[in-house]
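Chain A is the first sequence line, chain B the second, and so forth, proteins listed ahead of strands; every chain is numbered from 1. All values derive from a computational prediction rather than experimental measurement.
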Amino acid sequence: MKLHEYQSKNIFSKYGIPIPKGRVAATAQEAKQIAEELGGRIVIKSQVLVGGRGKAGGVKLANNPAEAQQLAEQILALEIKGLPVRKVLVDEASAIDQEIYFAITNDRAAKKPVMIASAAGGIDIEEVAAKEPEKIIKIHIDPLLGLREYQARDVAVGIDLPREYWKDFTKIAMALWNVYKETDATLAEINPLVITKEKKLIALDGKMMIDDNALFRQPELAEMRDTDEEVPAEIEARKYGLSYIKLDGNIGCMVNGAGLAMTSMDVIKLFGGEPANFLDVGGGADAKKVAAAMRIILTDKNVEAVLFNIFGGITRCDEVAKGILVAMDEVKPKVPMVVRLVGTNAEEGRKLLENANMITAETLADAAKKAVEAAKKGK
Amino acid sequence: MKLHEYQSKNIFSKYGIPIPKGRVAATAQEAKQIAEELGGRIVIKSQVLVGGRGKAGGVKLANNPAEAQQLAEQILALEIKGLPVRKVLVDEASAIDQEIYFAITNDRAAKKPVMIASAAGGIDIEEVAAKEPEKIIKIHIDPLLGLREYQARDVAVGIDLPREYWKDFTKIAMALWNVYKETDATLAEINPLVITKEKKLIALDGKMMIDDNALFRQPELAEMRDTDEEVPAEIEARKYGLSYIKLDGNIGCMVNGAGLAMTSMDVIKLFGGEPANFLDVGGGADAKKVAAAMRIILTDKNVEAVLFNIFGGITRCDEVAKGILVAMDEVKPKVPMVVRLVGTNAEEGRKLLENANMITAETLADAAKKAVEAAKKGK
Amino acid sequence: MSILVDKNTRLLVQGITGNEGLFHTTQMVAYGTNVVGGITPGKGGEWVLEKIPVFDSVKAAKENTDANATIIFVPARFAPDAMFEAADAGIPLIICITEGVAIPDMMRVRNYLDQKNVRLIGPNCPGLLTPGEAKVGIIPGNIAIAGNVGVVSRSGTLTYEVLYAMKNLGMGASTCVGIGGDPVNGTNFVDVLQMFEDDPNTEKVIMIGEIGGNEEEKAAEFIRTKMTKPVASFIAGQTAPPGKRMGHAGAIIEGGSGTAADKIKALEAAGVKVAKHPEEIPTLLK
Amino acid sequence: MSILVDKNTRLLVQGITGNEGLFHTTQMVAYGTNVVGGITPGKGGEWVLEKIPVFDSVKAAKENTDANATIIFVPARFAPDAMFEAADAGIPLIICITEGVAIPDMMRVRNYLDQKNVRLIGPNCPGLLTPGEAKVGIIPGNIAIAGNVGVVSRSGTLTYEVLYAMKNLGMGASTCVGIGGDPVNGTNFVDVLQMFEDDPNTEKVIMIGEIGGNEEEKAAEFIRTKMTKPVASFIAGQTAPPGKRMGHAGAIIEGGSGTAADKIKALEAAGVKVAKHPEEIPTLLK
């Protein structure tokens with residue numbers, strides 16, 4: 001789960017990381033008020049859960065409250081990468097001497113958290129990483145022991161941070177580790193961490209991602225989820241424990257297992273079709289889940305055929321078949337459906353579907369071919 | 001540092017361990033008020049930092065507020081093992097089905113925290129441990145990983161706790177681990193943890209000790225220190241980083257290093273004297289510390305001679321000598337002083353003391369003999 | 001011969017009385033797997049399938065059954081504790097089927113288990129199948145036959161596809177190892193490839209990968225430099241949309257790698273034949 | 001010959017620019033110890049005693065000096081981090097002089113170091129002295145002469161008493177090891193006794209214990225069953241008041257052991273001669 005910049009920075013602040021003064025606003029009028037309270041120069045920053053806000057005109061500098069209101073109005077009217085801007089963060093502007101990149105994330109290859117830092121922070125950090133990898137410092141953290149102060153100092157040394165800032169940087173690093181650990185984050189990123197002209201370290205921008213699988217013990221964070229920023233079908237899918245991603249093709253798929261779901265998409269493409277979605281019903285999918293999945297797939301108007309590919313293991317094919325029947329009864333789909341059931345209780349599943357009007361297939365290749373054909377015929 | 005029962009139980013409660021309703025009172029009138037608020041039967045418990053309160057009449061049951069007032073009055077007039085009772089805890093009384101012993105402490109031999117539990121809790125737990133050790137369960141905790149839930153369940157199984165209480169016990173155990181870990185405790189003890197007639201687990205009594213060496217990061221706990229419960233000389237000693245324990249003998253000692261301090265006491269005894277105190281000035285003792293140490297020793301009226309035994313390592317003998325001179329100037333001691341300086345900067349130290357009126361010695365045995373003799377002569 | 005599990009496997013089931021645990025225990029026992037005990041705290045003393053004793057703890061189960069492997073079916077929030085418990089009880093092989101275990105927990109589990117010389121398969125995996133000897137997991141037993149092809153996969157159901165296609169061609173598996181698709185897990189491709197390389201009964205290997213991470217790239221390097229046995233592969237996710245980006249940090253840590261194209265290129269450079277769809281894989285080893 | 005430190009020791013000093021660090025570095029260098037570098041974060045690039053380079057981190061110091069031991073003089077609240085840093089930098093021998101390190105920290109340090117095959121001496125210890133070769137710690141160099149008696153002690157200054165008494169009798173030490181008196185520390189009596197037993201240049205051993213814990217009892221058992229060399233001992237604290245009681249838990253964990261009388265009894269039962277006062281010890285080995 002992604003958090004907004006303002007949410008991330010509020011968490012940072014709670015853990016003792018300095019952030020600029022400021023607050024979030026939902027209207028231009030509010031933005032003006034905040035600007036009045038803050039005084040001085042102001043930054044207006046769109047709060048959307050995608051990157052590239054700056055290039056899209058979603059971050060602006062205002063010299064006074066009136067200007068702040070005007071710019072907030074403009075930004076609140078924007079749509080960035082398909083997402084309408086619903087909130088802006090109104091921060092006091094900082095005079096910047098240097099921009100540092102600093103993050104803690106998990107390194108799956110090392111099976112450990114890792115600190116990443118660079119003296120060349122800012123929006124071009126990925127380019128720096130690709131072209132001048134020696135400018136990036138990476139230090140792994142023992143997940144049982146946690147971050148040790150000497151490692152934070154090693155980062156400071158590694159990015160040639162002037163010595164006068166080592167103590168403050170170490171405090172920020174230890175605090176960011178606590179943020180990462182205590183929120184079950186998969187990412188806690190400060191970019192840029194700036195040295196201001198007044199010789200202070202401040203986290204100017206922040207980004208956090210929380211492990212969805214840990215939200216059960218993070219009720220406060222779970223409530224921060226901004227569903228405005230998500231595709232409604234994906235919200236609906238999550239409610240049922242389904243993993244759904246909408247795509248641009250015409251063949252809907254419902255598959256159990258992420259690997260097989262991706263493979264089914266690959267094979268649809270291989271036989272000339274275009275997948276309309278990724279949908280993994282997960283292990284042990286029951287009738288209710290399957291029915292929800294079918295509803296979600298069929299809300300996509302582009303779908304011209306649906307491929308069900310279920311290989312039973314934890315998932316039992318008879319349960320899936322029941323779900324399909326429930327959903328068909330409810331949704332009364334008008335597009336052709338190709339179904340393939342193999343594995344645990346496949347026989348029972350097939351029997352249940354015998355009287356439903358569905359195309360059946362033996363192999364995945366066969367199923368994909370039939371789905372592609374059916375979609376063409378339907379046109 | 002020891003915490004009072006009421007302090008320990010307040011901490012327990014903050015971490016989610018159920019405790020009886022109640023509050024601490026400094027007067028019998030307050031105790032009556034609390035009893036009125038609580039209603040029903042009441043326990044009045046003296047808050048002193050020593051064991052054996054019950055046997056000393058420091059814990060009483062009251063049937064009504066008037067009785068509570070009367071008993072509180074009695075208890076507040078008590079002195080238990082030399083400590084006057086200054087506060088009482090007024091708790092609602094519980095109807096007890098079973099008393100369990102449960103604690104987390106550090107096992108120095110294993111270099112790990114350890115959970116200790118027994119179905120036979122209560123005041124006779126040490127007797128149980130000595131006579132029926134099989135009734136005591138001990139499970140070590142990995143200090144890097146922390147307590148795992150299955151270990152808490154293993155304790156529940158080990159003490160034959162009825163299954164209906166496993167869930168609650170596991171929660172209490174995890175909470176007590178958090179108490180132990182987050183307060184830098186060396187002991188977090190619940191005795192008894194009771195099963196009430198209403199089928200609830202409640203921590204009826206609590207005892208905690210905090211590692212003095214960790215108090216620098218536990219400012220809130222450090223403030224809980226009850227200096228009323230300590231010998232004033234020991235408080236004074238701690239202020240200067242000295243380790244002082246008053247004893248009943250007549251020969252004061254000031255030594256650097258705990259081992260050598262104990263040895264000096266042993267040797268005084270070996271040659272027919274009785275040590276008046278244990279005093280370790282610690283490593284790197286400077287003049288200020290030494291002067292404070294001398295003042296503290298001389299406040300003890302039983303002292304008839306003082307033995308200074310300093311073997312320089314971190315501690316420099318010249319610094320010690322300076323401290324002795326400062327203190328002598330200030331305190332103007334009337335008892336004979338035997339001084340022995342060996343090791344780092346011993347020569348310089350001896351020179352500084354040349355003109356002071358002190359008995360010098362070469363060996364520890366020699367110094368102890370001279371001190372014992374000097375004390376006798378002084379009489 | 002086989003790797004990891006066989007007729008001598010004495011298996012415990014953690015979460016044996018739960019829905020999934022009970023269902024799959026029944027399936028495993030029906031297959032002939034020697035399930036010697038189960039664990040559900042609070043249900044010690046009960047019996048499952050009339051012959052499998054249930055214990056309150058792994059320690060008690062180990063002491064009473066001399067088990068040498070355990071399979072975990074407990075819910076995700078309890079799975080880390082179940083793995084710690086199994087490792088502390090001295091079980092040398094842990095198979096965790098549970099999906100949805102949090103990454104921070106898995107980093108602690110993995111780093112702890114590495115100190116203990118314990119082998120973990122999974123989590124979020126279908127487990128192990130040595131056809132004709134032992135089914136330790138949820139791979140349907142009837143879709144695979146015994147043979148000399150080692151199968152290792154990050155995926156669950158996709159693995160079944162491949163085993164099923166193998167069977168339809170009369171090709172059998174020595175052992176099928178589902179290592180699971182989670183970002184932080186136990187045994188990886190290289191570990192299993194090494195075991196297959198060392199197993200006299202395995203003559204060929206099928207490796208099923210997917211996008212994300214760089215385990216396939218490491219496997220390719222291992223195959224190129226250390227393996228003598230032929231390997232065929234399939235990589236799922238050629239049409240998948242890019243996953244959720246982990247800020248800039250993800251890009252910095254993972255670099256450009258992780259796409260299906262990258263992985264296929266690395267594998268082909270190591271002499272591995274890469275199939276276009278899963279049912280094609282076995283034909284590449286004929 | 002000697003144990004742990006000798007002419008080949010290449011020593012780092014953590015906290016070299018602090019008061020104590022600088023004072024004792026001067027003393028160690030004067031003794032002839034090969035101090036190859038020091039560490040004070042923020043002072044990298046400076047020099048101490050005009051010839052010892054200061055680094056910002058142990059890692060940098062190790063890379064530049066090829067050090068094989070480090071001694072720690074930093075304040076108690078920073079000492080755990082210093083030990084972790086030294087261990088992570090691959091220094092195989094860490095001597096921590098600092099006193100007042102919190103027990104919870106030391107439990108973490110000790111358990112972590114045990115995984116890393118790192119030897120820790122201390123904390124709260126006087127360090128090591130191999131007379132004539134290397135002084136790694138704060139034991140005054142002039143109070144001991146080289147010889148064939150190994151000395152191991154939980155105490156600081158009490159150790160000096162014994163070395164001094166030995167010298168006055170013309171008795172020299174192979175190596176003197178101050179293991180420190182903290183409840184949770186690194187190397188213990190048995191570890192050092194084993195090293196002395198294995199050291200061809202050590203012919204006799206002096207062990208100086210004190211009340212508390214049960215390390216002396218374990219040492220007695222080791223001496224009784226494994227040692228061929230004669231051992232003399234002294235136990236401090238016969239007149240000490242009982243320490244602060246750790247609730248009932250302390251009594252349960254420590255049992256009845258830990259008194260001077262218990263320890264003396266155990267040692268005498270193992271054939272160890274136990275002195276009445278420290279200056280008597282060397283005479284027992286004459």
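Put simply, CG on B/N345 and CD on D/Q27 are 7.0 Å apart, with the number rounded to the nearest 0.5 Å. If you take CG on D/N168 and CD on B/E362, they are separated by 8.5 Å, rounding to the nearest 0.5 Å. Atom-to-atom distance recorded for D/N111:CG and B/L144:CG is 5.5 Å, nearest 0.5 angstrom. Taken to the nearest 0.5 Å, the CG atom of B/D366 stands 8.5 Å off from the CD atom of D/E279. Atom-to-atom distance recorded for B/R316:CZ and D/E20:CD is 5.5 Å, nearest 0.5 angstrom. Taking CD from D/E99 and CG from B/N213, the interatomic distance works out to 8.5 Å, rounded to the nearest 0.5 Å.
Taking chain B as the reference chain and counting heavy-atom pairs below 4.5 Å, the highest number among D/D182, D/I139, D/N142, D/D105 is found for D/D105. When each of B/K269, B/K112, B/K181 is checked for heavy-atom pairs under 4.5 Å with chain D, B/K112 comes out on top. Between chain D and the options B/L270, B/V267, B/L215, heavy-atom pairs under 4.5 Å are most frequent for B/L270. With respect to chain B, the highest number of heavy-atom pairs below 4.5 Å among D/R154, D/K276, D/Q238 belongs to D/Q238.
B/G312 and D/P140 make their closest contact through O-CG, 2.8 Å (heavy atoms, listed as atom of the first residue, atom of the second, distance). The shortest heavy-atom contact between B/G259 and D/E210 is CA-OE1, 3.6 Å. Closest approach of D/A240 and B/M265 over heavy atoms only: CA-CE, 3.9 Å. The two residues D/G237 and B/D266 make their nearest non-hydrogen contact at N-OD2, 2.7 Å.
For a residue to count as touching a neighbouring chain, one of its non-hydrogen atoms must lie under 4.5 Å from one of that chain's; by this rule D/F234 touches chain B with the side chain only. Heavy atoms of B/D184 lying under 4.5 Å from chain D belong to its backbone as well as its side chain. Of the atoms belonging to B/N309, it is side-chain heavy atoms, and not backbone ones, that fall under 4.5 Å from chain D. In this structure, chain B has heavy atoms under 4.5 Å from both the backbone and the side chain of D/R77. For D/S155, the part lying near chain B is the side chain, with the backbone staying farther off; criterion is any non-hydrogen pair under 4.5 Å. Heavy-atom distances place no part of D/I208 under 4.5 Å from chain B, backbone and side chain included. Residue D/N185 touches chain B through both its backbone and its side chain, counting heavy-atom pairs closer than 4.5 Å. Heavy atoms of B/P113 lying under 4.5 Å from chain D belong to its backbone as well as its side chain. For D/E280, no part lies under 4.5 angstrom from a heavy atom of chain B. Interface residue D/P183: backbone and side-chain heavy atoms are both found under 4.5 Å from chain B.
Contacts of B/E5 classified as side-chain contact (heavy atoms from CB on, under 4.5 Å), with partners at least two apart in sequence or in another chain: B/K9, B/K45, B/Q47, B/R53, B/L89, B/D205.
For residues 242-260 of chain B, the salt bridge (Lys or Arg N to Asp or Glu O under 4.0 Å) pairs, not counting sequence neighbours, are B/K246-B/D300.
A donor-acceptor pair under 3.5 Å links the side-chain atoms of B/D211 to the main chain of D/I103, judged by distance alone. Side-chain atoms of D/T157 never come within 3.5 Å of backbone atoms of B/F311 as a donor-acceptor pair (strictly under, hydrogens ignored).
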- [ ] Take B/V342 and D/Y160, measure what side chain to side chain contact (heavy atoms under 4.5 Å, CB included) needs, and give me the verdict at the end.
- [x] CA-CA 9 Å; B/V342 200; D/Y160 311 166; over 6 Å; no
Go through the steps for D/H277 and B/L364 under the test side chain to side chain contact (heavy atoms under 4.5 Å, CB included), then give the verdict. CA-CA 9 Å; D/H277 64 89; B/L364 170 55; over 6 Å; no
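Across D/V162, D/T239, D/L158, a single residue satisfies side-chain contact (heavy atoms from CB on, under 4.5 Å) together with B/T263, and that is D/L158.
Environment of NZ in D/K218: crowded, with over 12 heavy atoms of neighbouring residues, nucleotides or ligands closer than 6.0 Å. No more than 12 heavy-atom neighbours from other residues, nucleotides or ligands sit within 6.0 angstrom of CG on D/N19.
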